[in-house]
Amino acid sequence: MRCLFIGLIFLSLFFAGPVGAEDEVFHRLLAAKCLKCNFQEGVSTSWPGKEINVESCQWKSETVFDAMNIRQARARVIGNQGTSDVMLLGSPSGLTFLESTCAGNMIFTTVFPFYKPGTDEFCAVMSRHMNLTNKALPSQYYGTCKVLK
């Protein structure tokens with residue numbers, strides 16, 4: 001019985017997650033009702049011929065996610081093309097927003113539960129899966145999001 005007890009204590013210590021600042025950051029992200037995101041550097045891809053063409057690019061627009069409600073899996077996005085409702089998924093990996101544009105293109109944005117070093121802004125990535133007149137033009141941008149509410 002004693003060996004079982006010691007084994008259970010060992011297992012509980014082995015599987016226990018870290019406690020501390022990481023939990024506070026994660027809970028701050030989950031409690032957010034509005035995020036303002038800036039994406040700067042990125043890459044875009046095209047298939048002009050048989051080869052894939054990948055180029056560095058920049059995104060010069062900010063995106064705001066508000067009316068965030070994880071329980072209802074909903075939020076609203078405000079960007080350079082207007083406002084629309086999006087799906088919101090919360091997980092240990094962070095918050096992911098899924099947007100389907102009026103043309104049927106998909107945009108995925110994930111806000112990670114950790115800060116860019118030296119800031120209180122969350123690291124984030126936005127992937128745009130665009131099909132414009134039968135030309136696939138996917139892109140991905142990297143940046144940060146800060147809590148507004």
Side-chain angles (χ1 to χ4, degrees), residues 8 11-149:
L8 288 174
L11 284 174
S12 68
L13 292 173
F14 181 74
F15 288 109
V19 176
E22 294 85 11
D23 289 336
E24 290 176 31
V25 173
F26 182 67
H27 289 298
R28 180 173 179 250
L29 178 60
L30 291 181
K33 300 296 179 205
C34 183
L35 294 170
K36 179 179 175 183
C37 302
N38 288 295
F39 297 96
Q40 297 84 29
E41 300 297 321
V43 294
S44 64
T45 306
S46 62
W47 287 266
K50 292 182 180 182
E51 300 297 318
I52 295 174
N53 183 31
V54 179
E55 297 177 354
S56 293
C57 59
Q58 294 200 352
W59 182 260
K60 302 220 182 212
S61 181
E62 61 186 30
T63 303
V64 175
F65 295 99
D66 73 354
M68 294 167 46
N69 187 322
I70 293 174
R71 290 185 199 273
Q72 294 180 0
R74 293 189 292 170
R76 182 174 57 193
V77 62
I78 304 165
N80 64 344
Q81 298 295 312
T83 302
S84 67
D85 293 326
V86 296
M87 183 183 290
L88 170 59
L89 302 173
S91 74
S93 295
L95 299 179
T96 298
F97 301 88
L98 291 82
E99 177 184 2
S100 178
T101 69
C102 58
N105 294 307
M106 299 299 293
I107 301 171
F108 304 89
T109 303
T110 298
V111 182
F112 298 103
F114 51 83
Y115 295 140
K116 178 181 175 182
T119 74
D120 65 349
E121 296 182 3
F122 296 98
C123 292
V125 62
M126 176 178 54
S127 297
R128 298 166 46 91
H129 300 209
M130 310 304 275
N131 177 359
L132 305 172
T133 62
N134 284 337
K135 276 189 134 174
L137 297 170
S139 57
Q140 189 169 68
Y141 300 91
Y142 315 98
T144 60
C145 298
K146 62 182 174 181
V147 174
L148 295 182
K149 293 186 217 174

Residue pair L30, L95: steps toward the side chain to side chain contact (heavy atoms under 4.5 Å, CB included) verdict: CA-CA 8 Å; L30 291 181; L95 299 179; 3.9 Å; yes
Taking every non-hydrogen atom, the tightest pair across G94 and L29: CA-CD2, 4.2 Å
R28 atom CZ: more than 12 heavy-atom contacts under 6.0 Å: yes
Close side-chain approach of F97 to V77, heavy-atom, < 4.5 Å: no
Salt bridge (charged side-chain N to carboxylate O under 4.0 Å, His left out) involving D66 - partner list, sequence neighbours excluded: R76
Result of checking I70, L98, N69 against L88 for side-chain contact (heavy atoms from CB on, under 4.5 Å): I70
Worked verdict on C57 versus Y141 for side chain to side chain contact (heavy atoms under 4.5 Å, CB included): CA-CA 8 Å; C57 59; Y141 300 91; 3.4 Å; yes
Rounded distance [0.5 Å steps], CZ in F112 versus SG in C145: 10.0 Å
From NE2 (H129) to OG (S100), nearest 0.5 Å: 12.5 Å
Neighbour count >12 (heavy atoms, 6.0 Å) for atom CE, M106: yes
Check: T63 and N80 side chains under 4.5 Å, non-hydrogen atoms: no
Approximate separation, where rounding is to 0.5 Å, of T101 OG1 and I107 CD1: 6.0 Å
Pairing residues for E62 by the salt bridge (charged side-chain N to carboxylate O under 4.0 Å, His left out) criterion, not counting sequence neighbours: K36
Beyond-backbone contact of C37 with M126, side-chain heavy atoms, under 4.5 angstrom: no
Spacing of L148 atom CG and K33 atom NZ [to the nearest 0.5 Å]: 14.0 Å
Straight-line distance of Q140 CD to F39 CZ, nearest 0.5 Å: 10.0 Å
Working for side chain to side chain contact (heavy atoms under 4.5 Å, CB included), residues N105 and L132: CA-CA 9 Å; N105 294 307; L132 305 172; 4.1 Å; yes
Closest approach of A136 to W47 (non-hydrogen atoms, all atoms of both residues): CB-CZ3, 3.5 Å
Side-chain donor or acceptor of N38 paired with backbone N/O of T144 under 3.5 Å: no
Inter-residue atom distance E121.CD - Y115.OH, 0.5 Å rounding: 10.0 Å
Where A32 and M68 come nearest, the two heavy atoms and their spacing: O-CE, 3.5 Å
Evaluation steps, side chain to side chain contact (heavy atoms under 4.5 Å, CB included), between V64 and C34: CA-CA 7 Å; V64 175; C34 183; 3.8 Å; yes
